[in-house]
Amino acid sequence: MHGEYKVPGGKLVVVDVDTDDGVLRHVRVAGDFFLEPDEALDAVNAALEGAPADTDAAGLAARIEAALPAGTVMYGLTCEGIGIAMRRALARATDWTDYDWQLIHEGAQPPALHMALDEVLTAEVAAGRRPPTLRVWEWGAPAVVIGSFQSLRNEVDPEGAARHGIEVVRRISGGGAMFVEPGNTITYSLSVPESLVQGLSFQDSYASLDDWVLGALGDMGVRAWYQPLNDIATDQGKIAGAAQKRIAGPGGGPGAVLHHVTMAYDIDAGKMTEVLRIGREKLSDKGTRSARKRVDPLRRQTGLSRAAVIDRMIESFRGRYGLAPGTITDEERARAAELARTKFASARWTQRVP
């Protein structure tokens, strides 16, 4: 069995392993990390050899930590990262390069239709009828997108939203409210097989699915990092928020993961604070007193146009994993339009948590 894991902000860890009578055998750890002294790698392999195959990542990391020679130095590598790579090997997780990725980047769509497309396309990936898909959104109208479990009245000022012509929609994933304006926002979705994040904790799956965009931002001169649980941050402030939803496959079988990210290319902070009810508690846990300081736009950090930022992100993804142009099928489009009408544009759904 073979497993790989890219340590967030670090290097790739590769594990090859067999099992015999419920224990790990023939353990081989490798990767492009740095490790001193050389014999520390032998200690890692020996620590894992013979371990029960059902040991979780934390337990495997503890075994490694206890076995390392005094003075061991790891760079781009962690004991936990090795444990996660092992769990992914045992779960027979897939890798990004195992798939033929498809890109969907169409014209502007209404906010409710974007919500519906996320649900429909991810369900198609879960059913095996669609390849893993990167969808870049174009917004047809300004909106506030609230998380699946958020209270509408606690998050949105209805008078401010009406005054600025802001549509309010609720997505299927959790997380916080996002303030969106078509020319100021970059949003994308990944609809991926569940096997791509197999063996990862919920938190680790966020880091793994965000890793490619951190590389793309780095290529644009933006030093960004994953900030648990679901933010992408820089030393100038937060630039993006992510959210996820798991969708079961047919008959309850292996499903798919929807991972979508909204990035602030630019932002009208004054308007945002008139539309969103951003409370003191939310601001304090981000280490800032002002909503205007919570988000630092990509326009200022990159000096690039919104279109150029999107193009560079797409090319970075393509260079890593391959990416072919794709389309939404007529059937998918019809299902999404119906779902937008009956669910995502309905007061019953939007107000389901009043």
Side-chain angles (χ1 to χ4, degrees), residues 108-123 126 135 137-182 184-185 187-189 191 202 229-231 238 240-248 255-264 267-286 291 294-295 332-354:
Q109 307 285 356
L113 184 59
H114 277 308
M115 305 302 111
L117 284 168
D118 263 359
E119 182 169 334
V120 169
L121 297 182
T122 307
R135 184 170 74 91
W137 303 21
E138 295 295 343
W139 290 92
V144 167
V145 184
I146 60 176
S148 180
F149 310 107
Q150 287 189 296
S151 163
L152 178 61
R153 69 166 65 99
N154 288 347
E155 297 298 325
V156 182
D157 182 324
E159 293 181 358
R163 183 167 60 253
H164 292 293
I166 305 293
E167 181 178 350
V168 181
V169 291
R170 186 185 293 275
R171 61 180 183 266
I172 61 173
S173 61
M178 308 301 294
F179 175 74
V180 170
E181 293 184 292
N184 290 346
T185 307
T187 304
Y188 67 86
S189 300
S191 297
F202 193 72
L229 171 67
N230 62 331
D231 288 349
K238 172 182 171 178
Q244 287 186 8
K245 176 68 175 179
R246 264 66 170 171
I247 293 180
V257 177
L258 168 65
H259 180 91
H260 42 200
V261 174
T262 294
M263 313 178 78
I267 196 163
D268 185 332
K271 186 185 297 185
M272 180 182 72
T273 56
E274 291 179 24
V275 175
L276 294 182
R277 300 187 191 277
I278 302 176
R280 292 181 181 177
E281 191 71 23
K282 183 175 290 186
L283 294 178
S284 66
D285 74 0
K286 301 296 183 183
R294 288 188 64 211
V295 181
E332 290 169 339
R333 198 179 302 276
R335 285 169 53 201
E338 178 67 9
L339 197 59
R341 183 184 67 82
T342 60
K343 179 177 179 179
F344 292 104
S346 71
R348 180 178 180 182
W349 170 256
T350 306
Q351 298 174 14
R352 78 183 187 98
V353 183

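Keep in mind that this is a model prediction, so the values were computed, not measured.
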Sidechain-backbone polar pair: [X] side chain, [Y] backbone, donor-acceptor under 3.5 Å:
X: S151; Y: P354; result: yes
X: H114; Y: E138; result: yes
X: R135; Y: Y188; result: no
X: R153; Y: Q351; result: no
X: R171; Y: G174; result: yes

Hey, could you give me the [atom1]/[atom2] distance between [X] and [Y], rounded to the nearest 0.5 Å?
X: R246; Y: F202; atom1: CZ; atom2: CZ; answer: 5.0 Å
X: Q244; Y: L229; atom1: CD; atom2: CG; answer: 8.0 Å
X: I146; Y: E155; atom1: CD1; atom2: CD; answer: 7.5 Å

Report yes if some heavy atom in the side chain of [X] is under 4.5 Å from a heavy atom in the side chain of [Y]; otherwise report no.
X: V261; Y: T187; value: no
X: V275; Y: D157; value: no
X: H260; Y: D118; value: yes
X: V144; Y: M178; value: no
X: V257; Y: T122; value: no
X: E181; Y: M272; value: no
X: V353; Y: L152; value: no
X: E332; Y: L117; value: no

Any residue meeting salt bridge (charged side-chain N to carboxylate O under 4.0 Å, His left out) with E119, in chain and number order, not counting sequence neighbours: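 Per chain and number, E119 pairs via salt bridge (charged side-chain N to carboxylate O under 4.0 Å, His left out) with K343.
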For [X] against [Y], the heavy-atom pair lying closest together:
X: A143; Y: P111; value: CB-CG, 3.8 Å
X: N230; Y: G175; value: ND2-CA, 4.5 Å
X: S191; Y: L258; value: OG-CD1, 4.2 Å
X: I247; Y: A126; value: O-CB, 3.9 Å
X: T273; Y: G270; value: OG1-O, 2.9 Å
X: A112; Y: V169; value: N-CG1, 4.0 Å

Donor on one side chain, acceptor on other, [X] and [Y], under 3.5 Å:
X: H259; Y: S189; answer: no
X: T185; Y: W139; answer: no
X: S148; Y: R352; answer: yes

Residues that P158 engages under side chain to side chain contact (heavy atoms under 4.5 Å, CB included), provided they are two or more places apart: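 For P158, the residues satisfying side chain to side chain contact (heavy atoms under 4.5 Å, CB included) (neighbours in sequence not counted) are R277.
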Pairs involving residues 332-354, ordered by first then second residue, that meet ring pair (Phe, Tyr, Trp, His ring centres under 6.0 Å) (sequence neighbours left out): F344-W349
Verdict with supporting geometry, M115 and R170, side-chain contact (heavy atoms from CB on, under 4.5 Å): CA-CA 8 Å; M115 305 302 111; R170 186 185 293 275; over 6 Å; no
Salt bridge present between R335 and E338 (N-O < 4.0 angstrom):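 Looking at R335 and E338, the cut-off is not met.
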